[in-house]
Amino acid sequence: MEPFEKRYDGLTVEESMQRFWEENHIYDFAADDTKPLYSIDTPPPTISGSLHIGHIFSYTQAEMIARYRRMQGYHVFYPFGFDDNGLPSERLVEKETGLMARDVPREEFRQKCVEITQKYEAEFKALWQRMGFSCDWNLQYSTVSENTQRLSQTSFIELAQAGHAYLQESPVLWCTECQTSIAQAELDSKDVDSYFHHIHFHIGDQPLEIATTRPEMLYGVVCVFVNPDDARYRHLVGQMVTVPLYGFEVPLLTDDKVAIDKGTGAVMCATFGDSTDVEWVAGHGLPYKKVLLADGAIAPGVPFVAGMKVRAARKEIVRLLEERGLLLKSEKLTHTVSVHERCGTEVEIIPSRQWYIDVLSRKDELLAAGDKIQWHPPQMKTRYVNWVTNLKWDWCISRQRYFGIPIPVWYCKACGKPAYAALEQLPVNPLETDYDGICACGCHDFLPDKAVLDTWATSSITPLLNRDKAKEYGVDEGFMPMSMRTQAHEIIRTWAFYTIAKSLYHTNEIPWFDTMICGFVLAKPGEKISKSKSNSKLSPGELIQSYSADAIRYWAANARLGTDTYFDIQDMQDTSKRFMTKLWNSSKFVLSHLHDFDPAHRPERLLPIDRWIMERTNAAVLEAAKWLDEYEVGLARKVVDDLFWKDLCDNYIEIAKERLYQPDLHGEEPRRAAQHAIYYCLLTVLKMYAIYIPHEVEYIYQKGLRGFVGALSIHLTEWPKPPAPNAELLAFGETLIAALTEVRRYKAERNLSMRADIDRAVIAGDAKYRDWLLETEKDFVACTHAGEVIYDLK
RNA sequence: GGACGCGUAGCUCAGUUGGUUAGAGCGCUCGCUUCACACGCGAGAGGUCCACGGUUCGAGUCCGUGCGUGUCCACCA
C-alpha cells in the first residue's frame with residue numbers, strides 16, 4: 001500500500017480523480033447495459049450570466065441521487081444540457097457587447113449570441129466537471145442546437161395542427177423595454193409609490209368622482225363600472241358618462257368585480273390599464289381604443305400626449321386636469337405592479353397577434369397529471385396545483401425577439417392564413433427560406449413569421465430531447481415517463497408546469513414519475529441569490545479553488561429537501577474540512593492495520609463487539625437508504641455521520657485498538673476479527689460517503705481498498721444491501737458504551753488522562769448480555785485501564 | 001389578501017405513525033501531548049421546544065386561534 005500523506009490535499013486529489021474517471025469512462029451511459037433504467041431530467045441552466053452557489057446547492061443534491069441510483073445497480077441516464085437561447089441570453093449578450101438587439105442586423109446579433117453563449121457553456125461545463133458531476137457529457141444537449149430546433153418546431157407544428165396551439169389577435173402582456181410579448185409566468189411584482197388621482201367625470205350636470213392610478217389612459221376609457229349593489233350609483237346605471245378633457249361619452253355599467261369600498265366605488269375601464277380591463281372588455285363586448293404603442297409611447301392621435309412615454313403622459317394629463325379644476329385630489333399610495341422579471345419594466349397590455357398554447361381548457365388533465373406524479377417533498381405539489389388552478393391566460397409562446405427558435409410559419413399575403421413548414425424541412429427559419437406552397441385562397445405570396453419561440457416552449461421538451469438521445473443507445477421502449485425530474489421550487493410554475501403540459505399533448509402521459517424539488521440558497525433573510533442580481537460575492541469557481549469540490553458538496557447536503565438554506569462560508573469551511581480530515585485520518589488508521597489482511601479469509605470467530613459495529617453499520621445503511629429513497633440526501637448524510645464519527649471512530653476503534661496493535665496480548669485470531677470488522681465498516685462507510693464526497697473516497701479506495709475489492713472504482717461498487725440488524729447486538733453495544741461513558745466521565749471529573757489507570761469499572765445492564773460482556777472484558781479493560789470489572793447485571 | 005413552510009440550546013439546524021431524562025455541529029467552560037487524527041479526544045454548562053386554548057392516561061410531535069418570520073401566488077381601478 002502506498003503511504004498516506006500526513007494531510008489530505010483535496011485540490012490536487014480532486015483533479016487527478018476527475019482525470020481517472022474520465023479516462024476510464026466510469027460514468028458513461030453504456031449502450032449494452034441490461035440493468036433497469038433510471039433516467040434523470042435535469043435542468044439546463046439558462047445562459048444568462050454566471051452560476052452561483054444556489055445552482056451548486058440544488059444541482060449537487062440531485063447529483064448525489066444519480067450516484068446513489070448508479071450504485072444501487074440502475075442504468076443511470078444522467079444527461080446535462082444548457083438553455084442557451086431566448087430573452088435571458090439576449091440580455092446577457094446585450095450587456096456584454098453594449099449592443100441593443102434591435103439596433104444591429106439580425107444575423108450579426110445572432111452570431112454574437114452564439115459566440116457568447118458558447119463561451120459561457122464552456123465555463124459552466126468546466127465548473128460542473130470540477131464539482132465532480134457524474135453525468136455523461138456525451139448526452140449533453142443545448143436548447144438552440146439544430147436537433148433541438150427540429151424537435152421544438154415539430155412540437156409546435158403538431159400542436160398547431162391539432163388545434164392546441166393557436167394564433168390570436170388579443171391583448172397580450174407586453175414589455176415595452178424588451179418590446180416583446182411575455183407570458184404570465186414571466187411576471188414579477190414590485191411595489192411602487194404612486195398616486196391615486198380622483199378625477200371629476202360627469203353624467204349630464206351631475207358630477208361623478210372616479211379614482212385612478214393611470215390618468216394617462218383617460219383617452220382609452222371605454223366605460224365606467226360600479227358594483228351592482230352600490231346604492232350610491234344604482235339610479236345612474238345605464239346613463240352616459242362624460243370623460244373629462246376629451247369630452248366623449250361612455251356608458252355606466254355594473255360588474256361584481258368592482259369593490260364598493262375602493263376609491264370612490266366607480267372604476268374607469270380603459271384599454272388596457274390592467275388585466276381586469278381585459279376581462280371586462282371581453283366579457284362586456286366593449287370596443288378597443290388604442291392609447292399605447294409597442295415601444296411604450298402614447299399613440300399618435302391621442303390629444304395632448306401623443307408621442308410621450310407613459311410617465312410623461314401621466315404627468316401631463318395630471319397637470320391639465322389640475323389646471324382645469326378637474327383633479328379633485330391625489331392620494332399617495334404604494335401599490336404592487338407587475339413587472340417583467342427579466343428587466344424590471346412595468347408590464348403593459350397591448351393587443352397583438354401571438355401564438356398561444358391552450359392550457360386553460362386542460363386544467364383538469366393538468367391537475368390529474370399533478371396527482372399522478374410523486375412530489376418530493378410532497379407539499380411542493382400544492383404550488384403546482386395553485387398555479388394551474390389560478391391560471392388566467394393561455395400560454396403565449398411567441399416572442400418578438402431575435403435569438404431563439406424561429407416559429408416555422410408563413411402568412412398568406414392575401415388572406416393572412418398561416419402556412420406551416422413541412423416536418424421534413426425542419427429546422428427552418430422562415431426569414432431565410434420561402435414558403436413554396438399555395439394558400440387555400442390561391443395566393444402564392446407569403447410573409448415569414450418574424451417571431452421566435454419562448455425559451456420555455458423549448459426547454460419544456462427536455463424529456464423528448466432525452467428520449468431522442470437515449471434512442472441512440474438503443475433505449476427507447478419504456479423511456480417515458482422518465483424516472484425523475486429535479487429542479488428548484490421557483491420554477492414549478494414554469495419549467496415543471498410547461499413540461500407537464502407538453503408531455504400530456506405529445507405523449508398523453510406524465511413526463512416523469514418523481515420530482516425532486518430542491519431549495520434555494522438565501523444570501524440573507526429575504527434576498528435570494530440569483531444570476532441576474534449577481535450578489536454572490538464568491539463565485540463557485542473561487543469557492544472550489546479555496547475549499548475543494550468535496551467540501552462544497554458535503555455542505556450542500558446539509559438541508560432537508562426543498563428547504564431554503566443560508567450560505568455561511570465559515571460554517572461550510574469548518575464543518576467540511578473537519579469532516580474530510582477525520583475521514584482521512586481514520587481511513588489511514590484502518591488501512592495501516594490491513595497490511596496482512598485477506599478479505600477471502602473470514603475469521604472463525606468474531607468478538608461480540610466486532611459483530612456489534614458491523615450490525616450498527618448495517619442499521620445505518622438501511623436508515624440512510626430509506627432517506628435517499630425519498631431524495632433526502634441531507635438526512636441520510638446525518639445518519640452516516642453519526643455512525644462514522646461516534647460509533648466507529650470514537651467507540652469501536654478505541655475499544656478494539658489494542659487488539660490490533662498487540663496480538664501478543666490478545667491473540668492473533670482476535671486481531672483478525674478486528675481487521676475484518678474495520679475493513680467491513682470502513683468500506684461500507686466509504687460507499688455511503690461516495691455520493692457526497694466522491695473524490696476523497698475514491699482516492700482512499702484506490703490507495704488502500706481497491707486491491708481487496710477488485711472493482712476499478714469505488715463508484716462502480718454496489719450500494720450495500722445488508723440484512724436487518726440484530727437488535728440484541730445493538731442493545732448489547734449500548735450497554736457497553738454506557739459503561740465506557742461512565743469511566744470517561746469519572747476520569748474527566750478528576751482531570752485524569754484517558755489512559756490513567758483506575759481500580760475498577762462497573763458495567764450495568766441486562767443479564768442476558770452477560771456472556772457477550774464477558775467476552776468483551778479484555779477489550780474493555782484495554783480501553784479503560786481498569787484493574788477490575790464489576791458486573792451489575794439484572 | 002390566499003397558499004405553503006418555518007418558529008426547538010448564544011448560532012445553524014435534526015427530532016416521519018404522540019410514549020422513559022428533548023438531540024447534533026459550531027460557540028462557550030474545564031480537562032487530556034492519547035502510539036489515525038490538537039483540523040483531535042473526554043467531560044460539562046446551556047432549553048418555560050413562540051404564545052394561549054383544545055384532544056389524550058400522556059403533546060416539541062395532533063387540532064384551533066394569535067403573534068413573529070420566509071417563500072410562492074394574487075392584489076395595478
Side-chain angles (χ1 to χ4, degrees), chain A residues 4 6-8 184 187 189-192 194 196-197 210-214 217 221 224-225 255 257-259 262-270 273-277 280 333 335-339 346-347 349 377 379-383 385-387 389-390 392 489-490 492-493 519-520 522 525-526 528 558-560 562-566 568 570-571 573-593 626-627 630 632 634-635 638-639 641-642 645-646 649-650 653-654 657-658 661-662 740-741 743-756:
Chain A
F4 268 61
K6 173 90 175 143
R7 293 265 184 261
Y8 173 70
Q184 188 180 343
L187 299 180
S189 56
K190 193 164 81 178
D191 285 333
V192 295
S194 180
F196 213 14
H197 300 287
I210 297 179
T212 181
T213 54
R214 304 208 60 180
M217 299 303 295
V221 172
V224 173
F225 280 111
D255 191 283
K257 283 202 80 157
V258 180
K262 199 162 178 179
T264 63
V267 189
M268 64 180 226
C269 171
D274 66 21
S275 64
T276 315
D277 290 339
W280 281 337
L333 91 163
H335 65 165
T336 316
V337 296
S338 289
V339 298
E346 287 184 32
V347 165
I349 297 170
Q379 69 270 18
M380 288 299 173
K381 181 176 138 185
T382 315
R383 296 199 187 199
V385 171
N386 287 347
W387 177 253
T389 309
N390 296 316
K392 279 191 185 149
H489 55 65
E490 63 171 342
I492 289 175
R493 65 180 168 137
F520 277 150
L522 302 173
K528 85 180 184 200
N558 71 349
R560 279 208 71 145
T563 302
D564 296 341
T565 194
Y566 296 105
D568 181 343
Q570 195 61 41
D571 179 60
Q573 180 186 357
D574 293 351
T575 312
S576 298
K577 196 170 182 194
R578 204 174 80 92
F579 162 73
M580 288 164 67
T581 303
K582 184 73 180 177
L583 187 67
W584 179 251
N585 286 325
S586 51
S587 300
K588 189 163 70 176
F589 170 82
V590 169
L591 294 171
S592 72
H593 287 281
K626 193 196 87 186
W627 288 128
E630 294 177 32
E632 291 279 8
L635 297 180
K638 229 173 150 53
V639 169
D641 284 347
D642 217 42
W645 208 303
K646 285 278 148 224
C649 291
D650 294 345
I653 289 180
E654 290 305 322
K657 218 174 202 176
E658 197 184 74
Y661 276 114
Q662 302 189 0
L740 180 56
T741 302
V743 173
R744 285 168 169 170
R745 183 178 298 122
Y746 177 88
K747 293 186 181 177
E749 276 166 3
R750 285 159 185 77
N751 294 347
L752 293 169
S753 157
M754 286 300 132
R755 307 196 73 190

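The shown structure was predicted, so the numbers you read here are calculated from the model rather than taken from an experiment. Every chain is numbered from 1, with letters handed out A, B, ... down the list of sequences.
- Nucleic acid contact for A/S586: base, since at least one base atom lies under 4.0 Å from a heavy atom of the residue.
- The same atom, C1', is picked in B/G46 and in B/C11; the two are 13 Å apart, to the nearest Å.
- In this structure, A/F196 reaches the sugar-phosphate backbone alone: every heavy-atom distance under 4.0 Å involves primed, P, OP1 or OP2 atoms, never a base.
- Here the closest heavy-atom approach between residue A/D277 and residue A/A270 is recorded as OD2-O, 2.9 Å.
- Taking A/K638 as the reference, nothing meets the side chain to side chain donor-acceptor pair (under 3.5 Å) condition, with sequence neighbours excluded.
- For A/H489, the side chain to side chain donor-acceptor pair (under 3.5 Å) partners are A/R383, A/D564, not counting sequence neighbours.
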Using a cutoff of under 3.5 Å, can you pull out all pairs of nitrogen or oxygen atoms linking the protein to nucleotides 6-9 of chain B, with atom names and distances?
none

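- Using atom C1' as the reference point in both B/U8 and B/A24, the two lie 13 Å apart (nearest Å).
- Taking A/K190 as the reference, nothing meets the salt bridge (Lys or Arg N to Asp or Glu O under 4.0 Å) condition, with sequence neighbours excluded.
- Residue contacts shown for A/L635 include a base, since a base heavy atom lies under 4.0 Å away.
- At the heavy-atom level, A/V192 lies nowhere under 4.0 Å from the strands shown.
- The phosphate of B/C75 (OP1 or OP2) has a side-chain N or O of A/K392 nearer than 4.0 angstrom.
- Nucleic acid contact class of A/W584 (heavy atoms, under 4.0 Å, all strands): none.
- Heavy atoms of A/K262 sit under 4.0 angstrom from at least one base atom.
- Nucleic acid contact for A/R560: base, since at least one base atom lies under 4.0 Å from a heavy atom of the residue.
- Here, B/C13 and B/G7 have their P atoms 9 Å apart, quoted to the whole Å.
- Within the 4.0 angstrom heavy-atom criterion, no nucleotide atom of any strand lies near A/A270.
- Pairing for B/G1 goes to B/C73, judged as Watson-Crick or G-U wobble with the two contacts each under 3.5 Å.
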Quick one: which protein N/O atoms are closer than 3.5 Å to N/O atoms of nucleotides 1-5 of chain B? Pair and distance per line, please.
from: B/A3; atom 1: O2'; to: A/N386; atom 2: ND2; distance (Å): 2.7

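- With sequence neighbours left out, the salt bridge (Lys or Arg N to Asp or Glu O under 4.0 Å) criterion links A/K257 to A/E279.
- The distance from atom CD1 of A/I653 to atom P of B/G40 is 16 Å, rounded to the nearest whole Å.
- Within the structure, no pair that satisfies the salt bridge (charged side-chain N to carboxylate O under 4.0 Å, His left out) test touches residues 574-583 of chain A, not counting sequence neighbours.
- With the nearest nucleotide of RNA chain B identified for both A/K577 and A/D574, A/D574 has the one nearer the 5' end.
- No donor-acceptor contact under 3.5 Å links the side chain of A/T581 to the base of B/C37.
- Mapped onto RNA chain B by nearest heavy atom, A/R750 and A/N558 fall at different nucleotides, with A/N558 at the one closer to the 5' end.
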Checklist entry - What string of B, S and - do you get for nucleotides 41-47 of chain B, 5' to 3', when a contact is any protein heavy atom under 4.0 Å? => result SSSS---
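- Every residue meeting the ring pair (Phe, Tyr, Trp, His ring centres under 6.0 Å) condition with A/W584, not counting sequence neighbours, appears here in chain and number order: A/F4, A/Y8, A/Y699.
- Across the strands present, B/C30 finds its partner in B/G42; the criterion is a Watson-Crick or G-U wobble pair with both atom distances under 3.5 angstrom.
- Checking B/C73, B/A14, B/A38 against every side-chain atom of A/R493, the shortest atom distance belongs to B/C73.
- Look at the C1' atom in both B/A59 and B/C49: the space between them is 11 Å, to the nearest Å.
- The partner of B/A14, taking Watson-Crick or G-U wobble pairs whose two distances both stay under 3.5 Å, does not exist in any strand shown.
- Remark: A/D571 pairs with A/T575 by the side chain to side chain donor-acceptor pair (under 3.5 Å) rule, at least two apart or across chains.
- Under the rule for a salt bridge (Lys or Arg N to Asp or Glu O under 4.0 Å), A/D255 has no partner lying at least two apart in sequence or in another chain.
- Taking the P atoms as reference points, B/G60 lies 11 Å from B/U21, given to the whole Å.
- Not a single donor-acceptor contact under 3.5 angstrom links the side-chain atoms of A/S753 to the base of B/C32.
- Contacts of A/T336 with the nucleic acid, taken as non-hydrogen atoms under 4.0 Å apart, include base atoms.
- Shown here are the salt bridge (Lys or Arg N to Asp or Glu O under 4.0 Å) partners of A/K747, two or more places apart in sequence or in another chain: there are none.
- Residue contacts shown for A/K747 are absent, as no nucleic acid heavy atom lies under 4.0 Å away.
- Protein atom CG of A/N751 is 12 Å distant from nucleotide atom C1' of B/U29, rounded to whole Å.
- B/G25 atom C1' lies 14 Å from atom CD of A/Q570, rounded to whole Å.
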